[in-house]
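First comes the structure, then the notes that go with it.
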Amino acid sequence: MGALQDPLASRRRSVTSHTPVRVRFAPSPTGPLHIGGVRTALFNWFFARHHGGAMILRIEDTDQKRYVENAVQLILDGLRWLGIDWDEGPDVGGEYGPYVQSQRITLYQQWAAWLVEHDLAYRCYCTPERLAALREEQRARKEDPGYDRHCRYLSPDERARLEMEGAPFVIRFKMPVEGTTTVHDLLRGDITFDNRQLQDLVLLKSDGYPTYHLANVVDDHFMRISHILRAEEWISSAPVHRNLYDAFGWEMPQIAHLPVILNPSGKGKLSKRSAGFTESGRKIPVLLYEFQEAGYVPEAIVNFLTNVGWSFGDDREVFSVQETIERFDLRRVNPAASVFPIEKLDWLNGVYIREMDPQRLAQLLLPVFERAGYRVDFDRLVRVVPLVQPRIKTLNDAIPVAGFFFAEEFEPAPPDALIQPKMDAAQTLDALRQARDTLAALPDFSAATQEPALRSLAQQLGLKPGQLFGVLRMATTAQQVAPPLFETMEILGRDESLRRIDLAIASLETLAQPQD
RNA sequence: GCCCCCAUCGUCUAGAGGACCAGGACGUGGCCCUUUCAAGGCCAAGACAGGAGUUCGAAUCUCCUUGGGGGCACCA
């Protein structure tokens, strides 16, 4: 079969032309960053960096009603936390600024007016009430919803009268009413739409602000954007954008629609409302800060997101950002939507934690323990880190594993809990007393010194090592599950370890009458 | 409802007509290691949605069906 017959042949051609690569991530400040948005940002960034191009950050704040104070700062902080940087943006400026749409309003108004002058757009005076009623009617009659183009065909007299009255208006785009529009998607090939299905979209709202459709086209043009990498939910408005570029006489950037991320249930886009819980009952994070709060580390999040919709190849799952940038290829993005594989993030996060420099892990753990109400001695934390490092998947997991190292007050385990399987109270008490003597007599209190002494003690007592160690673990940590015993006691120190063993002995003495 | 997109193990994926009785990873189960819990090692189960075509040959190309997703705002 010849390449000419292959509809995806174009997908296999080079993705870039000779113009410099310039991509943008354009969030709207309506709240914290959504993880899906983060993925879009990442793929743009990988693409830019791979091609030696520019990453542009643009704030799309054209909806005054949904604007959230502080959101811009949160978004910038979130991106930086992940290690994403940008060459032009609201904070760093650039040649094609400003990079905040609310500061570019007159530009949009000018170009909207230009379209009206050239009969490519028109003023629409329909009230929101009329539009709502129209939609209602259409629904009742089971017709397709959509604007009926009432104002497109207003007579000059009517138009003049409405103008005279000063009726508020929006500007709508005159979509071709017949024929088809084809958009070339870098991942999917040509996508063709019947123009009769397309709408006369609003370009300029009655408050003078542009809609996404206008602002995005104007900005991408004037910011010299070469490639648009945006989420799949934009596919259906892509033909309107295509026609807008044509109306302006501008070249349209190349475009690729990235697949959306689905809920773990597989039902619908991942969203805050519907995400639900993991099998272990943990709430599934959706917003970037929720991942932070849940104890995920940025390099794991980045690696994880890279594996959703794209793959490194060579059967590798763990790789660095640098490697990703070197290898990133848009043509290998999987166009299919994917379920959010959260368990895989847990694993990957654990991988990154295990490979992390212990000093850095200590730095990351410090605020986690403090937030959990512990007063942390950093030097002790540094000693604790190697014990928790292989045992946690998220930073927060360190709290149940090692929080006891930092507890203000030691709360001893109930005497019952001290008794190990196949042992009784008297045996346990005896074991504790002898272990206490053994430990007290040690020349030093290092784990390496404790181990042989306690092993031989176990043998003397006719206990399995695990039984003796279990008793001591419960006595010194009051936890059934804890880091390895000797290292734990070493960090606790001899005095504190013996004190805790004494407490255990005392509590057992009240429980069991020692036999004569 | 209409338009559009998509379709390989439970999930994320490899797969560019012969290298595929389909490879990796997470998860799951088993075994080993072991001082509890982890980590680590080994092993196992597990998929080309269905049907027609094209071809000597199809996971891969075409069509239909089915299923899933996205969109249908003076939101982005």
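In this text the structure is predicted, and so the values were computed from the model without any measurement. Lettering of chains follows the sequences in order, A, B, ..., and the numbering in each one begins at 1.
The nucleotide whose nearest atom lies closest to any side-chain atom of A:Thr211 is, among B:rC74, B:rA38, B:rC26, B:rC74. Taking the side chain of A:Leu485 as heavy atoms from C-beta on, and the options B:rU35, B:rC37, B:rC12, the nearest nucleotide is B:rU35. Looking at the side chain of A:Trp234, the nearest of the listed nucleotides B:rG68, B:rA76, B:rU11 is B:rA76. When the nucleotides B:rU35, B:rC37, B:rC4 are ranked by their closest atom to the side chain of A:Phe486, B:rU35 comes out on top. When distances run from any side-chain atom of A:Arg188 to the nucleotides B:rA14, B:rG27, B:rC5, the shortest one goes to B:rC5. Each of B:rG71, B:rC74, B:rC5 was ranked by its minimum atom distance to the side chain of A:Ile191; first place goes to B:rC5. Closest contact between the side chain of A:Asn334 and the listed nucleotides B:rC72, B:rU35, B:rU13 involves B:rU13. Closest to the A:Pro484 side chain, of the nucleotides B:rA25, B:rU13, B:rU35, is B:rU35.
Rounded to whole Å, the C1' atom of B:rA58 lies 15 Å from the corresponding atom of B:rC21. Taking the P atom of each, B:rC37 and B:rC12 are spaced 32 Å apart, rounded to whole Å. The P atoms of B:rC64 and B:rC5 are separated by 12 Å, rounded to the nearest whole Å. Rounded to whole Å, the P atom of B:rA16 lies 22 Å from the corresponding atom of B:rU55. Comparing the C1' positions of B:rA44 and B:rC6 gives a spacing of 32 Å, expressed to the nearest Å. Taking the P atoms as reference points, B:rG50 lies 25 Å from B:rG1, given to the whole Å. Distance check on atom C1': B:rG10 versus B:rG46 gives 9 Å, rounded to whole Å. A gap of 41 Å separates the C1' atoms of B:rU65 and B:rC74, to the nearest Å.
Nucleotide B:rA14: unpaired (no Watson-Crick or G-U wobble partner with both distances less than 3.5 Å). Applying the Watson-Crick and G-U wobble criteria (two distances, each under 3.5 Å), B:rA7 pairs with B:rU66. Using the Watson-Crick or G-U wobble rule with both distances under 3.5 Å, B:rA58 pairs with nothing in any strand shown. Base pairing annotation: B:rC33 forms no Watson-Crick or G-U wobble pair, as no partner gives both donor-acceptor distances under 3.5 Å. Base-pair partner of B:rU28: B:rA44 (Watson-Crick or G-U wobble, both distances under 3.5 Å).
The 5' end of RNA chain B is approached more closely, in terms of each residue's nearest nucleotide, by A:Phe304 than by the other of A:Phe304 and A:Val202. Each of A:Val481 and A:Pro341 has a nearest nucleotide on RNA chain B; the 5'-most of these lies closest to A:Pro341.
Looking at heavy-atom distances under 4.0 Å, A:Val339 makes contact with sugar-phosphate atoms alone, never a base. As judged by a 4.0 angstrom heavy-atom cut-off over every strand, A:Thr192 is placed among residues touching the sugar-phosphate backbone only. A:Cys124 comes within contact range of no nucleotide atom at all, as no heavy-atom separation falls under 4.0 Å. Base contact: A:Ser206 has a heavy atom under 4.0 Å from a base atom. Residue-level contact check: A:Pro400 touches neither bases nor backbone, having no heavy atom under 4.0 Å from any strand. If you check every strand for non-hydrogen atoms under 4.0 Å, A:Gly313 touches nothing. A:Ala336 comes within 4.0 angstrom of the backbone, heavy atoms only, and of no base. A:Glu317 comes within 4.0 angstrom of a base, heavy atoms only. Within 4.0 Å of A:Gly466, counting heavy atoms only, lie sugar-phosphate atoms of the nucleic acid but no base atom. At the heavy-atom level, A:Glu60 lies under 4.0 Å from the strands shown only through sugar-phosphate atoms. Counting non-hydrogen atoms under 4.0 angstrom, A:Ile235 reaches the backbone sugars and phosphates but no base. Base contact: A:Pro483 has a heavy atom under 4.0 Å from a base atom. Within 4.0 Å of A:Phe193, counting heavy atoms only, lie sugar-phosphate atoms of the nucleic acid but no base atom. Contacts of A:Gly350 with the nucleic acid, taken as non-hydrogen atoms under 4.0 Å apart, are absent.
The shortest distance between the side-chain N/O atoms of A:Arg354 and the OP1/OP2 oxygens of B:rG40 is below 4.0 Å. Proximity of A:Thr62 to the phosphate of B:rA76: a side-chain N or O atom is located under 4.0 Å from OP1 or OP2. Between A:Ser338 and B:rU13 there is a side-chain N or O to OP1 or OP2 distance below 4.0 Å. Residue A:Lys393 has a polar side-chain atom (N or O) positioned under 4.0 Å from OP1 or OP2 of B:rA39. Close to B:rC74, at under 4.0 Å from its OP1 or OP2, lies a side-chain N or O of A:Arg172. Put simply, A:Arg455 has a side-chain N or O that comes within less than 4.0 Å of OP1 or OP2 on B:rU35. In this model, the phosphate group of B:rC75 is approached by a side-chain N or O of A:Lys65 to a distance below 4.0 Å at OP1 or OP2. OP1 or OP2 of B:rA14 lies within a sub-4.0 Å distance of a side-chain N or O belonging to A:Ser311. When the side-chain nitrogen and oxygen atoms of A:Lys205 are compared with OP1 and OP2 of B:rA76, one or more of them lie within a distance under 4.0 Å.
Judged by distance alone with a 3.5 Å cut-off, no donor-acceptor contact links the side chain of A:Glu233 to the base of B:rG71. One N or O donor and one acceptor, one from the side chain of A:Arg391 and one from the base of B:rC37, sit under 3.5 Å apart.
Between A:Arg331 atom CZ and B:rA14 atom C1' the separation is 17 Å, expressed in whole Å. What separates CG of A:Asp63 from C1' of B:rA76 is a distance of 8 Å, to the nearest Å. Distance CD (A:Gln199) to P (B:rA73): 7 Å, rounded to an integer number of Å. The separation between A:His213 atom NE2 and B:rG71 atom P is 12 Å, rounded to whole Å.
Of all heavy-atom pairs spanning A:Tyr352 and A:Phe319, the tightest one is OH-O, 3.1 Å. Of all heavy-atom pairs between A:Ala256 and A:Leu330, the closest is CB-CD2, 4.1 Å.
Contact check on A:Lys393 versus A:Asp346 returns no salt bridge, with no Lys/Arg side-chain nitrogen under 4.0 Å from an Asp/Glu carboxylate oxygen. Under 4.0 Å is where a charged nitrogen must lie from a carboxylate oxygen, and between A:Asp219 and A:Arg58 at least one such pair does.
Residue A:Ile35 is tested with A:Leu270, A:Leu345, A:Val308 for a side chain to side chain contact (heavy atoms under 4.5 Å, CB included); the sole match is A:Leu270.
A ring-centre distance under 6.0 Å is not found for A:Phe404 and A:Phe410. Separation of the A:Tyr212 and A:Trp234 ring centroids falls under the 6.0 Å cut-off. Ring centers of A:Phe304 and A:Phe340: under 6.0 Å apart, within the cut-off.
Under a 3.5 Å cut-off, the side chain of A:Arg196 and the backbone N or O of A:Thr180 do not form any donor-acceptor pair.
Side-chain N/O atoms of A:His257 and A:Arg230 include a donor and acceptor closer than 3.5 Å.
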